[in-house]
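Structure, as structure tokens:
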Amino acid sequence: MSDGRIDKSALKRLIAVIGGAFEDFEELRDDYVSGAPDLVEALRTSGAEADWSAMRIAAHTLKSNARDFGATRLAQLCERLEHQCRDGSVDAPQQAIDEIAAEERASREALISVSANDVTGD
Amino acid sequence: MRRAQTKEGVPRGPDRFRRHHVRRFRLRSVQSKFLAYAIPLVLLSTLMVFGAFEFNARRSAQEQLQTKLNELAQIQSRVVAESLWNVADQQTKLILKALLTDTDVVAAAVYDERKTLVASAGDVEGLRGSRYFAERDIIYTDEGDEIRIGRLEIAFSDARLKAITRERLTLAAVLAAILLLGVTSAALIANRRIIGRPLSLLLESINMAHRSGQRQTVDWQSDDEIGRVVSAFNDLQEQQDAYEAELRASRDELEVRVEARTAELAQAEAEALKAQKQLTDAIASISEGFALFDRDDKLVVANQRYREIMLGDGDVDLPVGILYTDIVRRAAASGRFPKANEDEETWVERQVLRHRKVTEPFIQEVLGDHWQQISNRKTDEGGTVAVHSDITDIKRISDELKRAKDSAEAANEAKSVFLATMSHEIRTPLNGIIGMSTLLGGTKLDPEQRDISATIMTAAETLLTIINDILDFSKVEAGALELERLPLELAETVESSVELIVSKAAEKGIELACSIDQSVPSCVYGDPVRLKQILMNLLNNAVKFTEKGEVVLTLSNKLGIETLKPGDTMLLSFSVRDTGIGIPPDRMDRLFKSFSQVDASTTRRYGGTGLGLVITKRLVELMGGEITVSSQLGVGTTFAFTLPFEVAPPPDRSQRDHSLARIKGHRVLVVDDNRTNRLILTERLRAWQLVAKATGSPNEALDWLAAGERFDLCIVDFKMPEMNGFELTEAIRRQLGAEAPPVVLFSSVSPVDSDFRVEAERVGFSATLTKPAKSSHLLNAIAGAIVKDAELMTPGDDRPDLGLPERLARLKILLVDDNLINRKVGAKILKRMGVDPDVVSSGEEAVTSCQSAHYDVVLMDIEMPEMDGLAAAGLIRANLSEAERPFIVALTANAMSTERETYLQAGMDDYLSKPIDVDALVKSLGKAAFFRGSRPIA
Ligand SMILES: Nc1ncnc2c1ncn2[C@@H]1O[C@H](COP(=O)(O)OP(=O)(O)OP(=O)(O)O)[C@@H](O)[C@H]1O
Ligand SMILES: [Mg+2]
């Protein structure tokens with residue numbers, strides 16, 4: 001079960017949009033679960049190299065995916081970082097990335113525990 | 001000589017003149033000098049003249065005497081001869097005696113031949129010694145013989161001669177004396193008259209000038225040298241006078257000036273004194289503290305107020321010359337300045353520094369929550385003017401204002417943040433609602449459930465519009481709305497605006513018409529998105545507030561000039577007229593106010609926020625126009641506005657021209673019961689050089705055909721009073737059989753009406769068009785119907801918002817996204833719709849794919865590394881010809897509607913926000929299909 005980190009309506013919407021089959025959703029979720037840590041890693045590398053454009057893309061991608069999977073808070077954190085990268089006003093990237101990493105881990109775990117019942121009910 | 005003297009006498013200068021003046025009378029005068037020369041000369045010449053004369057006179061007297069002597073001797077010798085011969089001595093004596101009667105004769109004697117004295121008379125002794133002595137022989141003639149008989153002697157005396165000489169000499173002396181006298185006096189007179197007088201006049205004048213300084217003209221005229229000297233002297237005097245007069249005049253003038261100057265100075269001094277007094281008074285009376293310091297920071301002047309401010313009421317002794325530093329020290333000691341009380345030394349230092357450096361005016365706290373503003377100014381002389389103003393009140397007000405401003409700004413910021421958040425936070429669930437209700441609509445539902453889901457759908461859509469409106473409004477309010485300048489195809493923009501409300505109008509059974517005057521240029525420069533927004537607002541209102549009748553949009557060239565070339569400026573008049581409820585006159589003024597609706601019941605009955613017209617009005621004004629409204633309650637409303645535009649070069653119309661050439665001259669039958677539509681349609685057909693015949697009655701149309709009239713094409717309306725479009729079409733086909741012309745159906749029927757769709761397919765039309773049709777669509781439809789070999793268009797192709805995925809299945813779609821999950825989600829959605837997309841993960845791949853294969857639609861993610869969506873879209877467009885170009889839809893996760901415009905302006909054909917909303921995607925694909933369909937027939 002989730003701890004409220006995951007917005008179920010977003011998941012329902014995603015499932016509806018892709019045709020309503022939970023298997024399809026699971027496939028996507030697997031992609032997300034395996035891809036998200038890589039994106040966090042990408043954030044770290046780009047942060048170390050101060051490559052704001054790479055960081056922006058990574059943050060953007062993670063934001064978009066998090067939003068799809070109802071990880072609202074994660075999406076917000078990523079969006080903030082993305083904007084900072086775009087405006088060239090990144091302050092304390094390390095802290096932001098740490099925050100994102102923690103949120104990503106938590107929401108990932110929450111997401112994994114989502115079962116078909118959670119999202120196909122009313 | 002005379003000249004030299006004169007010259008010497010003329011003074012050449014005062015000194016010289018004085019010396020001569022002394023000698024003039026004592027030593028020499030011109031006259032005496034002159035006489036000294038003249039008299040000896042006269043004497044000498046007189047002597048010489050008289051000498052010569054005397055010499056002559058004496059000689060001739062002596063000669064005369066001698067001659068007389070000789071003649072007398074001759075004559076007497078003869079006289080005596082007789083008496084002698086006769087020896088009559090007495091007689092002889094008598095004769096001699098007679099001789100003595102002549103006074104000149106002194107003695108006479110006669111001698112015989114023996115030299116004996118015969119007779120004598122007078123002094124015979126001295127006879128022989130006399131100076132005048134003559135002796136003659138006495139000859140006696142006897143018969144011819146001359147016989148010498150004696151001798152006669154006579155002596156004359158010179159006494160008479162001497163007397164005459166004496167007389168003459170006396171005369172000469174007298175004459176000489178007279179001559180001398182005459183010459184002398186003549187010389188004197190001449191000298192006086194010719195030289196002396198003028199000279200003395202000159203002298204007199206000179207003396208007078210010398211004595212009294214008065215110059216007198218010397219009254220002397222003559223043509224000689226003296227005259228010239230005098231006139232020269234007079235000239236000189238005159239010049240001297242003139243010179244002196246000039247000198248005097250200038251001296252006088254100088255004096256006058258000096259006087260005036262003195263007076264002026266005195267006045268200026270008085271004025272300066274007065275001004276100084278005034279200044280002092282003014283300084284003393286101003287409510288500000290005022291002090292002036294010299295360049296050494298010593299006090300020059302300060303008013304009472306300054307003393308009070310600096311030192312308080314008690315200590316008022318502030319002597320001129322005191323150093324600023326000392327004043328500040330005393331001020332600090334007075335305890336009147338809280339800051340000084342904290343740290344006196346620093347405070348004093350700071351004051352002195354600010355005083356010396358002259359900074360911006362600054363504010364200082366004075367004990368008792370008073371505040372003063374201190375402005376220091378440097379004077380030209382390097383001094384300092386200090387003005388201390390009590391700004392306690394102003395400071396209080398400004399503090400309050402600042403607080404108010406801060407909180408207003410905070411509120412405003414909160415509002416902006418709120419709006420932005422709202423747009424995002426509301427849109428996301430809203431999209432969910434819309435998506436879900438679309439999905440719901442696709443499932444099996446009973447009528448009641450269907451109704452409910454439809455209501456949810458409309459409500460959500462309305463909400464979305466409202467949110468967009470509010471966002472726009474806040475942007476307009478903030479002045480953050482900027483207009484674009486892009487080529488704007490008027491017909492396209494206007495018609496596509498109309499098109500968007502077609503379904504709404506159809507639902508209410510309202511006729512929609514769009515009339516574009518022929519003189520309207522095809523392309524101008526402007527902001528198509530915003531123009532569309534204006535038109536949409538007006539059209540939406542018109543449809544919203546109209547129950548039956550029509551809504552007509554007209555577009556005309558205000559000035560009516562038809563020959564416009566690119567670069568010309570022209571005025572376009574737009575008007576949206578409806579036959580709706582109208583607006584009461586007393587409510588007109590509230591129309592363009594934000595959040596105002598004509599009356600409260602409007603909201604209840606029609607919904608809306610009352611923002612549409614405000615935004616519209618602002619947009620129109622931003623474009624340089626003004627919007628007006630005229631309305632009659634219960635009859636209808638017309639909104640009109642005129643905008644200036646620059647004419648742009650017309651877009652490439654070769655395809656269109658080609659189509660026009662092919663349909664030219666064909667006969668078209670128009671059957672439509674709506675008069676406005678009929679008129680607009682026939683006019684458009686005529687403009688394309690078609691021969692149009694129109695009627696509002698299907699029966700009349702059938703009559704015309706029955707009477708043998710033939711047409712190449714029929715355009716029929718669907719909803720008509722006598723029979724509908726289907727029935728009319730079938731009637732025509734029954735009547736003419738194989739000869740029946742192709743039919744294009746016009747309808748305002750909601751395209752989602754499946755009964756209609758099925759029926760239309762059954763009857764079979766060359767094309768079905770929703771009213772009002774875009775010119776390009778109409779043209780394509782007509783061309784497709786008339787040109788036999790052209791592929792017949794299926795009815796669906798012209799319907800933009802079918803909402804039926806299977807209709808779109810034929811589209812070839814390329815999905816571009818760098819995000820794996822997005823790619824998968826997108827592909828799944830499309831597959832569910834029956835479309836099998838090609839998927840690539842970068843901009844570069846998208847560009848190559850578009851070159852190697854033909855796509856109808858490209859769904860392009862914007863945020864991608866390396867080449868982003870905009871760049872990729874630009875390349876795809878650049879690489880392909882107009883006909884090959886796909887419809888490119890931007891996909892982004894950014895919510896602001898501004899971005900939407902940015903993308904559209906950057907060349908994207910449409911825009912979808914992520915997460916993808918199925919309905920929006922379907923609509924967009926519908927547009928894409930439409931876009932393909934409206935392309936020229938290959
Ligand atoms: N064509 C019209 N006929 C009659 N009344 C109109 C017409 N257009 C506007 N109005 C009146 O003017 C009011 C303001 O119009 P406006 O477009 O600003 O707001 P709205 O349509 O009520 O709401 P919104 O457009 O924000 O959804 C309307 O509520 C209506 O009362
Ligand atoms: Mg409105």
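Within every chain, numbering begins at 1; the chains are lettered A, B, ... in the order of the sequence lines, protein sequences first and strands thereafter. Hydrogens, waters and symmetry mates are skipped; everything else that's a heavy atom, side chains included, is used.
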Smallest separation among heavy atoms of B:Pro865 and A:Ile57, with atom names: N-CD1, 3.6 Å

CZ on B:Arg823 to CG on A:Asp31, rounded to 0.5 Å: 9.5 Å

Under 4.5 Å from any heavy atom of chain B - which part of A:Asp24: both

Heavy atoms from other residues, nucleotides or ligands near CZ of B:Arg877 exceed 12 (cutoff 6.0 Å): yes

Contacting moiety of B:Asp868, where chain A heavy atoms sit under 4.5 Å: neither

More than 12 heavy atoms from other groups under 6.0 Å of CD on B:Glu866: no

Part of B:Ile821 within contact of chain A (heavy atom distance under 4.5 Å): both

Under 4.5 Å from a heavy atom of chain B, the part of A:Leu14 involved: side chain

Under-4.0 Å salt bridge between B:Glu863 and A:Lys63: no

Separation of B:Asp817 CG from A:Ser64 OG (nearest 0.5 Å): 7.0 Å

From NZ (B:Lys824) to CG (A:Asp30), nearest 0.5 Å: 8.5 Å

Residues of residues 42-49 of chain A near chain B, each having a heavy atom less than 4.5 Å away: none

Close side-chain approach of A:His60 and B:Asn819, heavy atoms under 4.5 Å: no

Side-chain heavy atoms of A:Asn65 within contact of B:Asn822, under 4.5 Å: yes

